[in-house]
Amino acid sequence: MRVIALIAIAVLTACSYAPQATPSRRLVLAEQGYFFVGGHYATSKDGRIRVGQMYVQYQIPETRTQPYPVVMWHGGGQTGTNFMGTPDGRMGWGDYLLQRGYAVYIVDQPGRARSGYFTDVYGPTRRPNTDAMQTRFTVPERDASYPQAKLHTQWPGGGIAGDETFDQFFASQVEDMADLAAMERLNREAGIALLEKIGPSILLTHSQSGPFGWALADARPKLVKGILAIEPNGPPFYENTVVGAPDWFKDGPMGRTWGITRNALTFSPVVRDPEQLHITQQTASSGRDLVRCWLPASPAPRLPNLENTPILIVVSEASYHAPYDHCTSQFLAQAGVANDFVRLADVNIRGNGHMMMLEKNNLEIAAFLDRWAREHIE
């Protein structure tokens with residue numbers, strides 16, 4: 001469904017990579033609208049229903065200077081609202097990138113929010129709660145259950161239930177699919193349909209959606225022009241469990257049997273069973289307060305379909321991902337996939353947690369992503 005917006009909703013094109021101190025909220029759009037991609041009919045107790053579809057909201061700036069659109073894919077418990085603004089009312093990454101000349105497509109994952117959830121087809125859900133959201137996202141510094149948590153400073157507000165900004169954030173949290181392998185398959189199928197509809201694109205993934213970027217680049221390498229992976233779901237293979245001082249970390253259950261995904265990727269030589277990856281754990285971590293990565297034994301099989309995709313992996317200073325996202329970078333590099341792994345603190349962007357797109361300095365991070373994309377994606 002299309003909506004032509006030739007009437008100016010607003011006007012501004014930023015002239016530098018750094019965000020202004022008080023950025024304008026005004027935009028000029030050539031077009032905006034929504035559509036659904038993917039899905040099929042299934043039989044339920046109520047008759048035939050449609051499942052597997054993905055809702056996509058898009059905006060195209062009147063002055064479009066960038067050749068490839070950005071597809072923004074939210075993480076677990078979230079929806080596309082993550083990129084549309086912040087819980088305290090500031091500009092989100094979607095509008096910032098529109099101002100920078102990109103067409104922007106924001107999705108709700110299949111089985112989530114406006115894409116619809118059908119329990120008799122998708123199965124049981126997982127449900128967010130305030131304690132988990134506070135500990136992981138808004139005030140990790142309070143419990144300091146991992147070493148980097150104490151560095152968190154960027155959440156906009158008190159970060160606990162009853163605080164106005166937290167309440168706005170928690171109101172946006174939704175149930176999602178408990179079967180994570182099925183969820184990855186649905187997103188891969190819908191993602192292929194989206195790219196085949198809109199053409200070559202840049203994927204911006206966050207957290208749970210990280211594996212979708214790897215899977216889509218594997219399935220449609222010519223349609224994925226670059227990946228901006230914001231703290232992608234990891235680490236490879238085993239889930240990481242935080243146990244607190246002094247040991248901090250231990251391995252949880254097997255999560256991603258294919259290393260960075262729960263479903264098969266195209267390796268060379270061919271890998272038909274993930275046991276053929278012969279994984280081993282590092283004898284020592286790569287640095288202080290970092291986990292010991294599980295990686296395929298050397299020489300590792302390559303991921304040929306990802307080898308020509310520009311990839312940026314970003315991790316913040318104070319997120320629970322800070323101890324282990326380097327393992328995802330190492331897995332890719334070992335598979336012949338060059339990638340830029342950037343800790344935001346190393347580019348002087350400090351104090352962020354996992355939900356960096358909502359935090360006080362969110363546009364400083366968006367400016368960094370824009371700059372990297374312009375320099376590396378052709």
For S329, the side chain to side chain donor-acceptor pair (under 3.5 Å) test, sequence neighbours excluded, returns N339
Rounding to 0.5 Å, atoms CZ (F118) and CG (D46) come to a distance of 10.5 Å
Within one Ile-Leu-Val-Met-Phe-Trp-Tyr cluster: Y122 and V174, side-chain cutoff 4.5 Å
no
Decide yes or no on side chain to side chain contact (heavy atoms under 4.5 Å, CB included) for I377 and W372, but give the supporting numbers first.
CA-CA 8 Å; I377 298 175; W372 188 93; 4.2 Å; yes
Within the distance-only criterion (no hydrogens, no angle test), does the side chain of T165 pair as donor or acceptor with the backbone N or O of D88 below 3.5 angstrom?
no
R142: salt bridge (charged side-chain N to carboxylate O under 4.0 Å, His left out) partners, not counting sequence neighbours
none
Look at the side-chain heavy atoms of Ile, Leu, Val, Met, Phe, Trp and Tyr, link any pair under 4.5 Å apart, and say whether V342 and L228 land in one connected group.
yes
Check L204, N187, D108 against W73 for a side-chain contact (heavy atoms from CB on, under 4.5 Å) and give me the one that passes.
N187
Here the gap from Y324 atom OH to S319 atom OG, rounded to the nearest 0.5 Å, amounts to 7.0 Å
Are N82 and M355 close enough that some pair of their side-chain heavy atoms sits under 4.5 Å apart?
yes
How about K150: does its NZ atom have over 12 heavy atoms from other parts shown lying under 6.0 Å from it?
yes
Are V51 and I49 close enough that some pair of their side-chain heavy atoms sits under 4.5 Å apart?
yes
Exam field: side chain S285 to backbone G287, donor-acceptor pair closer than 3.5 Å:
yes
Linking I/L/V/M/F/W/Y whenever any side-chain heavy atoms sit under 4.5 Å apart, do M357 and M84 land together?
yes
Taking all atoms of both residues into account, what is the closest heavy-atom pair of Q134 and G159, and its distance?
CG-O, 3.5 Å
For the student: nearest non-hydrogen atoms of P323 and F249, plus distance
CB-CZ, 3.4 Å
Determine whether S207 and H321 make a side-chain contact, defined as any pair of heavy atoms from C-beta on separated by less than 4.5 Å.
yes
Please assess W214 against I311 for the test side chain to side chain contact (heavy atoms under 4.5 Å, CB included), listing each intermediate value before the final yes or no.
CA-CA 10 Å; W214 317 136; I311 294 173; 3.9 Å; yes
Between F169 and F166, what is the ring plane arrangement, given parallel below 30°, perpendicular above 60°, and tilted in between?
perpendicular
Between F170 and T138, is a side chain to side chain contact (heavy atoms under 4.5 Å, CB included) present by the stated rule, with each step listed?
CA-CA 10 Å; F170 192 70; T138 62; over 6 Å; no
If the test is side-chain contact (heavy atoms from CB on, under 4.5 Å), which one of V337, L303, I279 qualifies with F331?
L303
Check this for me: R50, atom CZ, are more than 12 non-hydrogen atoms of other residues, nucleotides or ligands nearer than 6.0 Å?
yes
P87 side chain near L358 side chain, heavy-atom distance below 4.5 Å:
yes
From CA spacing to verdict: side-chain hydrogen bond (donor to acceptor under 3.5 Å, both in side chains), T135, D143:
CA-CA 7 Å; T135 301; D143 294 334; 3.1 Å; yes
Judged by atom type as modelled, is there a donor-acceptor pair below 3.5 Å linking the side chain of R343 to the main-chain atoms of A322?
yes
Quick check against the 3.5 Å criterion: does R112 have a side-chain atom that pairs as donor or acceptor with the backbone of Q78?
yes
Would you please name every residue forming a side chain to side chain donor-acceptor pair (under 3.5 Å) with Y68, sequence neighbours left out?
none
Is there a donor-acceptor contact under 3.5 Å from the side chain of Q334 to the main chain of P296?
yes
Is the side chain of Y146 donor-acceptor paired with the backbone N or O of Y320 at a distance under 3.5 Å, no angle test?
yes
From CG (L97) to CE (M91), nearest 0.5 Å
10.0 Å
I need the minimum non-hydrogen distance between G210 and P232, along with the two atoms involved.
CA-CB, 3.8 Å
Going by heavy atoms in the side chains, are F237 and D251 under 4.5 Å from each other?
no
Evaluate whether atom CZ of R262 has more than 12 neighbouring non-hydrogen atoms of other residues, nucleotides or ligands under 6.0 angstrom away.
yes
Between D370 and Y102: side-chain donor-acceptor atoms closer than 3.5 Å:
yes
Same cluster or not: are I230 and L312 linked, directly or through other Ile, Leu, Val, Met, Phe, Trp or Tyr residues, by side-chain heavy atoms under 4.5 angstrom apart?
yes
If we only count heavy atoms from C-beta on, is the V71 to I198 side-chain gap below 4.5 Å?
yes
Using the rule ring pair (Phe, Tyr, Trp, His ring centres under 6.0 Å), only one of Y34, F35, F36 pairs with Y58; which is it?
F35
Closer than 3.5 angstrom, by distance alone: can the side chain of Q330 be matched with the main-chain N or O of T328 as a donor-acceptor pair?
no
On a heavy-atom basis, the closest approach of Q208 and N233 is CA-CB, 4.0 Å
Give a yes or no on whether the backbone of R292 and the side-chain of Q281 come within a donor-acceptor separation of less than 3.5 Å.
yes
Over all atoms of both residues, closest heavy-atom pair of A335 and E307:
O-OE2, 4.2 Å
Do Y105 and Q57 touch side chain to side chain, with heavy atoms closer than 4.5 Å?
no
Quick check: closest heavy atoms across N305 and D218, and the distance to 0.1 Å?
ND2-O, 2.9 Å
Counting N and O atoms only, with roles assigned by atom type, does the side chain of D273 sit under 3.5 Å from a partner on the main chain of Q276, one being a donor and the other an acceptor?
no
Is there side-chain contact between Q109 and M183, with at least one heavy-atom pair below 4.5 Å?
yes
Would you check, one step at a time, whether the test salt bridge (charged side-chain N to carboxylate O under 4.0 Å, His left out) holds for E239 with R256?
CA-CA 8 Å; E239 302 290 1; R256 288 150 293 281; 3.0 Å; yes
Test item: K225 side-chain N/O and P69 main-chain N/O as donor-acceptor pair under 3.5 Å:
no
Partners of R188 by side chain to side chain donor-acceptor pair (under 3.5 Å), sequence neighbours excluded?
none
For E231 and S316, which I'm curious about, is there any donor-acceptor pair between the side chains at under 3.5 Å?
yes
Which one of E317, Q154, H152 satisfies the side-chain hydrogen bond (donor to acceptor under 3.5 Å, both in side chains) criterion with R350?
E317
S44: side chain to side chain donor-acceptor pair (under 3.5 Å) partners, not counting sequence neighbours
none
Are L186 and L265 linked, directly or through other ILVMFWY residues, by side chains that come within less than 4.5 angstrom of each other?
yes
Listed partners of N362 passing side-chain contact (heavy atoms from CB on, under 4.5 Å), at least two apart
T86, R90, W93
The test is side chain to side chain contact (heavy atoms under 4.5 Å, CB included); show your working for M356 and V314 and say whether it passes.
CA-CA 10 Å; M356 64 187 79; V314 169; 4.3 Å; yes
